[in-house]
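These notes concern the structure reproduced below.
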Amino acid sequence: MFKKLKINTLLLFIPLTTLAFCFNSPKNDDEKMSTIMISVKNTLSYLHYSPRPINDAYSADVYKQYFDMIDASKRYFLQSDMNEFEKHRTKLDDYLNRGDLSFYKLTVDRLYQRVDEIDKISQTILSAPLNFDEEETLVLEPKLKKNPVNAAELSAEWKKYIKYNILQEMESLSAKEQLQREKKDSVQKFNLKDTIKLEILTPEQKRIKATEEVKDMLTDTFRRFKKRNKMDWFTVYMNAYTEVFDPHTNYFSPKNKEDFDTNFTGKVIGIGAIIQEKRGYLYLGALTIGAPAWKSKQLSEGDKILKVRSKPNEEAVNVVGMLSDEAVRLIRGEKGTKVTLTVEKKDKSIKEVTMVREEVAIEDTFARSIIINSADGRKYGFVNLPSFNADFEDSKGRNASDDIKNELIKLKAQNVEGIILDLRNNGGGSLTEVGDIMGLFMNAGPYVQVKDGNGKIQTLKNRTNAPVWTGPLIIMQNELSASASEILAGAVQDYGRGIVIGSPQSFGKGTVQTFVDLNRFLNSNDDFGSLKLTIQKFYRVTGESTQRKGIESDIKMKDFFTYAEIGERYDDYALPWDKIPAAAYQPLNFLQVNSLLKSAESRLATNKNYQLMQESAQWKERLDKEETISLNQNKFSALMKERKAQIEKFRALEKYNNGLKFTLNPDEVEREKKDEAFAKKTQNWTKSLQRDMYLQEAVAIAGQIK
């Protein structure tokens with residue numbers, strides 16, 4: 001949960017005003033990183049909801065977290081490295097207090113050294129034929145692995161890893177070959193025009209091709225690694241310190257914060273093109289219809305980007321070999337300014353294209369609706385909300401509540417009988433948007449309680465009495481529904497305003513964060529980044545926290561995530577669950593949940609597709625927990641054959657169709673005629689909705705709500 005607020009100036013005055021005079025403008029990166037460390041430490045200690053003592057126990061947790069983040073698979077550092085690092089295990093608290101970079105520099109320099117060595121080792125391994133008849137086993141479970149003792153063990157470990165990737169690639173080639181064969185057979189069976197290219201490779205040809213693919217993959221991986229700015233690793237290092245306070249307290253470099261803001265507001269100033277990286281070159285991906293790149297009529301998906309001129313009076317920057325995120329930052333800029341791309345077209349011609357940057361909306365961030373036509377002739381409105389987006393900087397910017405309101409108005413005009421609001425995979429967003437959305441479905445009343453680190457409790461209320469939709473309401477959730485999603489689902493459930501269906505419980509994130517710019521404490525014009533800081537916990541109107549426990553669905557339907565370790569309760573550093581007194585609220589009505597539950601359970605018990613999906617989910621979870629795998633080609637192939645047979649059993653799920661029919665809102669019907677990208681997205685979206693058995697159950701339940 002993210003909350004936009006101004007930190008109370010009185011809160012900051014006594015402990016933090018002196019910080020403004022502690023640091024002068026840093027002269028170099030080392031001084032800058034050191035300053036950031038001390039500033040992060042002070043901000044954590046004074047402003048975090050539940051600050052930890054900065055002591056040896058904290059240091060040991062940070063140490064473990066750090067290596068889990070940079071070498072969890074124990075594939076880079078030698079045991080001798082870890083023995084050397086171990087001497088620092090209880091000193092990281094001291095380093096944080098004084099901004100000491102010695103441990104960070106030691107580990108990162110060693111990491112780059114090992115990557116250089118492993119790059120050479122990999123080239124040596126791939127320079128000679130590999131023996132796939134050996135009886136070797138690769139350990140998959142990191143907890144069972146140990147760091148290599150010496151260079152010979154390191155080489156042996158990477159040889160296994162490379163063999164594993166080659167075996168996987170060979171299986172992938174066989175799968176593609178089988179798919180092409182099936183397509184060709186189908187074309188010939190129905191006497192259609194045969195344009196299917198079917199290339200049958202011998203086992204040796206597959207081995208050679210797979211080896212080349214893996215070689216290219218590793219070359220690209222090591223190239224990107226070496227080009228990665230060491231400041232990026234510093235961000236990782238700082239997050240080891242912050243995330244043992246709680247998993248949602250994070251340090252953001254200026255670059256990371258920019259990316260966060262883009263995702264949060266759902267808009268970016270640029271040219272409207274995906275930038276893809278492949279083998280050291282950057283290419284244009286899909287172009288957004290109506291955006292500058294598309295409007296230029298000179299750029300196409302697949303064009304190779306050679307240079308970027310960010311400003312008309314600057315020299316163009318050669319981007320060959322550059323990381324994609326670095327090039328993206330050259331292309332983005334202020335609205336209304338010019339940017340020039342030099343590209344190589346597919347015919348090898350070179351073209352220079354100048355565009356004016358515009359605001360490009362990332363539409364996948366925003367709410368969208370469609371009309372569901374059930375088999376019995378009834379109509380329901382389906383609204384998908386990917387995030388609780390909000391634009392705090394632009395009063396005309398898009399907010400989730402405004403978008404939902406507009407969709408509800410459109411659906412009401414189509415005389416739908418119920419609304420299904422889909423919060424699956426919605427990780428949250430703005431706290432204030434929850435209240436505004438709640439006001440679209442009910443009259444004024446409290447929707448959440450918030451408690452700060454001093455124990456002060458505040459009740460947030462929806463204060464409007466003009467709901468747009470007062471009819472049947474269903475909320476869909478899963479294990480990835482978190483934070484704001486849980487507040488809204490919890491309020492709907494507590495008031496009896498609607499039914500919550502989906503996974504047994506949601507993610508369980510019951511904390512509120514705000515951004516604190518580190519610059520505010522420093523006597524410098526440099527950008528030191530920001531700290532996303534947990535400052536509050538939120539509670540349902542009943543007084544129960546959603547932390548760790550999440551929201552229990554009224555109608556429980558297990559899915560693929562149910563069998564995996566997803567949720568706050570699986571994080572070692574997550575804040576605990578607790579309870580406060582209930583707020584004064586008046587439930588609206590008491591829906592007959594028990595009768596709805598019984599009928600749903602009856603349907604699911606006889607739903608063969610649902611039962612098959614459960615079996616498939618449990619099988620995949622067992623695969624994820626396998627600890628070792630054989631690298632003997634015959635045994636590996638036999639295992640893959642066994643898995644394919646199992647997958648074949650589950651293939652019926654790919655052909656599942658819930659029988660629902662979907663109708664676009666009139667305005668989107670018109671947009672489809674003009675917007676190719678939108679039409680394609682709509683086609684893909686409706687196809688996914690037709691395969692959604694949870695939506696089928698939601699419609700069945702909606703039909704029973706009186």
Problem set entry | For W158, all residues meeting ring pair (Phe, Tyr, Trp, His ring centres under 6.0 Å), sequence neighbours excluded | Y76, Y161, F222

For this session: Would you check if there is a donor-acceptor pair between the side chains of N83 and Q79 at a distance under 3.5 Å?
Result: yes

Exercise. In Å, rounded to the nearest 0.5 Å, how long is the span from CG of L518 to CE of M37?
Worked result: 13.0 Å

For this session: Using the six-membered ring wherever Trp is involved, compare the ring planes of W233 and Y112 and label them parallel, tilted or perpendicular (cut-offs 30° and 60°).
Result: perpendicular

Seminar exercise, completed: Nearest heavy-atom approach of T235 to S253 is OG1-CB, 3.7 Å

For this session: Check whether any side-chain heavy atom of E568 lies under 4.5 Å from a side-chain heavy atom of Q547, and answer yes or no.
Result: yes

Problem set entry | Flag if over 12 foreign heavy atoms under 6.0 Å of CD1, I208 | yes

For this session: List for me each residue that meets ring pair (Phe, Tyr, Trp, His ring centres under 6.0 Å) alongside Y58, sequence neighbours excluded, and say none if there are none.
Result: F245

Problem set entry | Spacing of K209 atom NZ and S172 atom OG [to the nearest 0.5 Å] | 10.0 Å

Exercise. Counting only heavy atoms not in K74, do more than 12 sit closer than 6.0 Å to its NZ atom?
Worked result: yes

For this session: Keeping the roles fixed (side chain from K226, backbone from D116), state whether a donor-acceptor pair exists under 3.5 Å.
Result: no

Problem set entry | N147 side-chain N/O to F77 backbone N/O, donor-acceptor pair under 3.5 Å | yes

Exercise. Is a side-chain N or O of R329 found less than 3.5 angstrom from the main chain of K255, in a donor-acceptor match?
Worked result: yes

Exercise. Can you check whether L306 reaches V320 side chain to side chain, under 4.5 Å on heavy atoms?
Worked result: yes

Exercise. Are side-chain N/O atoms of E486 and S506 paired as donor and acceptor at under 3.5 Å?
Worked result: yes

Exercise. Crowded around K307 NZ? As in, over 12 foreign heavy atoms under 6.0 Å?
Worked result: no

For this session: Decide whether S630 and N632 meet the rule of one side-chain donor and one side-chain acceptor closer than 3.5 Å.
Result: no

Exercise. Is there a donor-acceptor contact under 3.5 Å linking the side chains of E479 and T562?
Worked result: yes

Problem set entry | pair E171-F636: side-chain heavy atoms closer than 4.5 Å | yes

Problem set entry | Under 3.5 Å donor-acceptor, R89 side chain and S59 backbone | no

For this session: For S39 and T35, indicate whether the former's side chain and the latter's backbone hold a donor-acceptor pair under 3.5 Å.
Result: no

Problem set entry | Distance, nearest 0.5 Å, that separates CD1 of I118 from CG of L111 | 8.0 Å

Problem set entry | Exercise: do D517 and S530 side chains pair donor with acceptor under 3.5 Å | yes

For this session: Return the minimal non-hydrogen interatomic distance between M322 and K227, and the atom names on each side.
Result: CA-CE, 4.0 Å

For this session: Compare all side-chain heavy atoms of L106 with those of H88 and state whether any distance is below 4.5 angstrom.
Result: yes

Problem set entry | Residues T219 and D216: side-chain donor-acceptor under 3.5 angstrom | no

Exercise. When the ring planes of Y237 and Y241 are compared, do they come out parallel, tilted or perpendicular, using 30° and 60° as the limits?
Worked result: perpendicular

Problem set entry | Side-chain heavy-atom pair M238, M33 within 4.5 angstrom cut-off | no

Exercise. Rounded to the nearest 0.5 Å, what separation is found between the NZ atom of K532 and the CD atom of Q513?
Worked result: 5.0 Å

Exercise. Without hydrogens or angle criteria, can the side chains of D109 and Q113 be said to hold a donor-acceptor pair below 3.5 Å?
Worked result: no

For this session: Could you pull out the closest heavy-atom pair between I121 and S155, with the gap in Å?
Result: CG2-OG, 3.6 Å

Exercise. Do you know the tightest heavy-atom contact between G99 and I38?
Worked result: N-CG1, 3.6 Å

Problem set entry | Pair Q123-D119, side-chain hydrogen bond (donor to acceptor under 3.5 Å, both in side chains): steps then yes or no | CA-CA 6 Å; Q123 291 175 35; D119 188 3; 3.0 Å; yes

For this session: Could I get the full list of salt bridge (charged side-chain N to carboxylate O under 4.0 Å, His left out) partners for E326, not counting sequence neighbours?
Result: none

For this session: Decide if atom CD of E135 counts as having more than 12 heavy atoms of other residues, nucleotides or ligands within a radius under 6.0 Å.
Result: yes

For this session: Take I275 and L284, measure what side chain to side chain contact (heavy atoms under 4.5 Å, CB included) needs, and give me the verdict at the end.
Result: CA-CA 5 Å; I275 308 300; L284 285 175; 3.9 Å; yes

For this session: Measure from the side-chain N and O atoms of R309 to the backbone N and O of E314, and report whether any donor-acceptor pair falls under 3.5 Å.
Result: yes

For this session: Begin with the C-alpha distance, continue with both residues' side-chain angles, and end with the deciding distance and a verdict on salt bridge (charged side-chain N to carboxylate O under 4.0 Å, His left out) for E157 and K160.
Result: CA-CA 5 Å; E157 179 64 21; K160 289 181 181 180; 5.1 Å; no

Exercise. What closest approach, in Å, do V360 and I271 show between heavy atoms, and which atom pair accounts for it?
Worked result: CG2-C, 4.4 Å

For this session: Please examine the side chains of K278 and Y283, heavy atoms only from C-beta on, and report whether any two atoms are closer than 4.5 Å.
Result: yes

Problem set entry | Test log, rule salt bridge (charged side-chain N to carboxylate O under 4.0 Å, His left out), inputs D220 and R224 | CA-CA 6 Å; D220 222 28; R224 287 198 302 270; 3.0 Å; yes

Exercise. Is there a side chain to side chain contact (heavy atoms under 4.5 Å, CB included) between Q168 and V214 once you walk through the steps?
Worked result: CA-CA 10 Å; Q168 284 189 311; V214 171; over 6 Å; no

Problem set entry | Over 12 non-hydrogen atoms of neighbours within 6.0 angstrom of CD in E86 | yes

Exercise. Counting distance only, does the side-chain N/O of T249 pair as donor-acceptor with the main-chain N or O of T534 below 3.5 Å?
Worked result: yes

For this session: Indicate yes or no for a side-chain donor-acceptor contact from K163 to the backbone of N131 under 3.5 Å, with no hydrogens or angles considered.
Result: yes

Exercise. Between L78 and N150, what is the shortest heavy-atom contact and its length?
Worked result: CD2-O, 3.5 Å

Exercise. For I162 and S122, what are the C-alpha separation, side-chain angles and deciding distance, and is it a side chain to side chain contact (heavy atoms under 4.5 Å, CB included)?
Worked result: CA-CA 8 Å; I162 289 169; S122 298; 4.0 Å; yes

Problem set entry | Exam field: side chain S45 to backbone N42, donor-acceptor pair closer than 3.5 Å | no

Exercise. Is the closest side-chain heavy-atom distance between I166 and L126 below 4.5 Å?
Worked result: yes

For this session: Before giving the answer on side chain to side chain contact (heavy atoms under 4.5 Å, CB included), spell out for Y49 and D246 the whole-Å C-alpha distance, their side-chain angles and the decisive distance to 0.1 Å.
Result: CA-CA 10 Å; Y49 174 83; D246 83 281; over 6 Å; no

Problem set entry | R52 side chain to V244 backbone, donor-acceptor under 3.5 Å | yes

Exercise. Should the pair F85 and F103 be assigned to parallel (<30°), tilted (30 to 60°) or perpendicular (>60°) ring geometry?
Worked result: perpendicular

Exercise. Roughly how far apart are D452 CG and K537 NZ, rounded to 0.5 Å?
Worked result: 12.5 Å

Problem set entry | Distance in Å, D232 CG paired with D325 CG, rounded so as to fall on 0.5 Å steps | 7.0 Å

Problem set entry | Residues Q633 and D133: side-chain donor-acceptor under 3.5 angstrom | no

Exercise. Side chains of L140 and E627: closer than 4.5 Å at any heavy-atom pair?
Worked result: no

